[in-house]
Amino acid sequence: MPIRKRKPGPNKVKPTCAKEVSVLAWIQDAYGNVLLIQQTAGLQLWSLPGGKVRGGEALKAALRRELKEEIGLTVVSAKVIDLFDRPQRSGLAVLFRTTLRKGKLKLGKNEITQAAFVSELPPNATPSVRYFWRRQFPNTTTRGNILDL
């Protein structure tokens, strides 16, 4: 008996597009400061290093590729620690706690203006940085070498 393909009924919704997935790196120095990069394009916002995942690309492979392109360093370890679902933008950001091989930052010439380990959230940060910062540091907008004596 031949197999018939079912056509979607009038009440069945066919997806028009998939979510765009991005990978971002949460990298801290020995003092708890977080590495941010400033984008060259558009509003020149501060962001976490990372970028978009290509079709058929594994998340960790995308993270390794993006970090090599943007800051010139190699990922030693990466573990998923958070997600930022943005349904209104059809986007999903995956945050990795990331350890890098030691070395000097080599910024991507066409993408990155500057990079810095920061203890305070910059006012011109991307929505994803603001979201993840609040979730990683829920009791403060600053981070770093804070001593409670």
Side-chain angles (χ1 to χ4, degrees), residues 3-138 141-144:
I3 299 173
R4 293 186 203 181
K5 290 185 180 179
R6 294 178 65 182
K7 293 182 181 178
N11 294 334
K12 295 198 178 188
V13 177
K14 287 178 96 177
T16 56
C17 68
K19 284 191 183 265
E20 183 174 79
V21 179
S22 297
V23 290
L24 299 169
W26 187 267
I27 303 164
Q28 289 183 281
D29 66 10
Y31 303 102
N33 301 309
V34 179
L35 179 64
L36 296 182
I37 56 173
Q38 188 175 30
Q39 303 165 347
T40 57
L43 300 173
Q44 297 184 344
L45 299 176
W46 285 92
S47 177
L48 294 163
K52 293 181 179 34
V53 178
R54 296 176 180 161
E57 186 176 35
L59 295 177
K60 283 188 179 178
L63 183 70
R64 285 185 190 96
R65 175 181 52 76
E66 285 289 345
L67 293 186
K68 196 70 167 169
E69 288 174 7
E70 290 185 350
I71 61 173
L73 294 177
T74 304
V75 173
V76 172
S77 68
K79 178 183 174 187
V80 174
I81 58 170
D82 209 348
L83 300 172
F84 181 28
D85 188 10
R86 300 182 72 190
Q88 71 282 8
R89 311 256 306 167
S90 291
L92 177 68
V94 181
L95 182 65
F96 288 84
R97 182 169 308 283
T98 308
T99 304
L100 301 173
R101 181 169 289 137
K102 290 186 180 185
K104 187 175 180 181
L105 295 178
K106 298 173 193 159
L107 303 183
K109 295 177 185 175
N110 299 328
E111 295 182 51
I112 310 304
T113 302
Q114 59 181 323
F117 280 95
V118 299
S119 62
E120 296 182 21
L121 184 62
N124 59 336
T126 63
S128 60
V129 171
R130 290 194 307 271
Y131 175 83
F132 289 130
W133 193 281
R134 283 192 308 269
R135 290 174 58 87
Q136 295 303 307
F137 304 129
T141 57
T142 63
R143 188 66 196 152

Side-chain donor/acceptor pairs under 3.5 Å, residues 104-113, sequence neighbours excluded:
none

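Nearest heavy-atom pair, Pro49 versus Leu35, reported as atom, atom and distance to 0.1 Å: CD-O, 3.5 Å. Heavy-atom minimum distance, Thr98 versus Ala25: OG1-CB, 3.5 Å. Heavy-atom minimum distance, Ala93 versus Leu24: CB-CD1, 4.1 Å. Minimum heavy-atom separation, Leu121 to Ala125: CD1-CB, 4.1 Å.
The ring pair (Phe, Tyr, Trp, His ring centres under 6.0 Å) contacts involving residues 90-124 comprise nothing, where partners must be two or more places apart or lie in separate chains. Among residues at least two apart or in separate chains, there is no salt bridge (Lys or Arg N to Asp or Glu O under 4.0 Å) pair with a member in residues 30-39. Identified under the ring pair (Phe, Tyr, Trp, His ring centres under 6.0 Å) test for residues 44-89, with sequence neighbours left out: Phe84-Tyr131. Applying the salt bridge (Lys or Arg N to Asp or Glu O under 4.0 Å) rule to pairs touching residues 42-55 yields Glu20-Lys52, Arg54-Glu69, sequence neighbours excluded.
Here the straight-line distance linking atom CG of Asn124 with atom OG of Ser47 works out to 11.0 Å at 0.5 Å rounding. Once rounded to the nearest 0.5 Å, the distance linking CZ of Phe132 with CZ of Arg134 reads 11.0 Å. Rounding to the nearest 0.5 Å gives a distance of 9.5 Å between CG of Leu63 and CZ of Arg65. Separating the CD atom in Glu120 from the CZ atom in Phe137 is a distance of 12.0 Å, to the nearest 0.5 Å. Distance CG/Leu36 to CH2/Trp26: 7.5 Å, rounded to 0.5 Å.
Judged as a side-chain hydrogen bond (donor to acceptor under 3.5 Å, both in side chains), and not counting sequence neighbours, Glu70 has no contacts. With sequence neighbours excluded, the residues satisfying side chain to side chain contact (heavy atoms under 4.5 Å, CB included) with Arg101 are Thr74, Val76. Under the side chain to side chain contact (heavy atoms under 4.5 Å, CB included) criterion, Ala58 pairs with Ala61, not counting sequence neighbours. In this structure Pro87 satisfies the side chain to side chain contact (heavy atoms under 4.5 Å, CB included) test together with Lys19, Asp85, sequence neighbours excluded. Annotation: side-chain hydrogen bond (donor to acceptor under 3.5 Å, both in side chains) contacts of Gln39 (sequence neighbours excluded): none. Considering only residues two or more places apart in sequence or on other chains, Ser128 meets the side-chain hydrogen bond (donor to acceptor under 3.5 Å, both in side chains) condition with Thr126. By the side-chain hydrogen bond (donor to acceptor under 3.5 Å, both in side chains) test, Arg97 pairs with Gln28, Gln136, sequence neighbours left out.
Side-chain contact between Arg64 and Lys68 is absent, with no heavy atoms from C-beta onward closer than 4.5 Å. Leu59 is listed as a side-chain neighbour of Val53, based on a closest heavy-atom distance under 4.5 Å. Side-chain contact between Leu83 and Val94 is present, with heavy atoms from C-beta onward closer than 4.5 Å.
Looking only at atom types and distance, the side chain of Gln114 has a donor-acceptor partner in the side chain of Gln38 under 3.5 Å away.
Among Asp29, Ile27, Leu48, the single residue meeting the side chain to side chain contact (heavy atoms under 4.5 Å, CB included) criterion with Val34 is Leu48.
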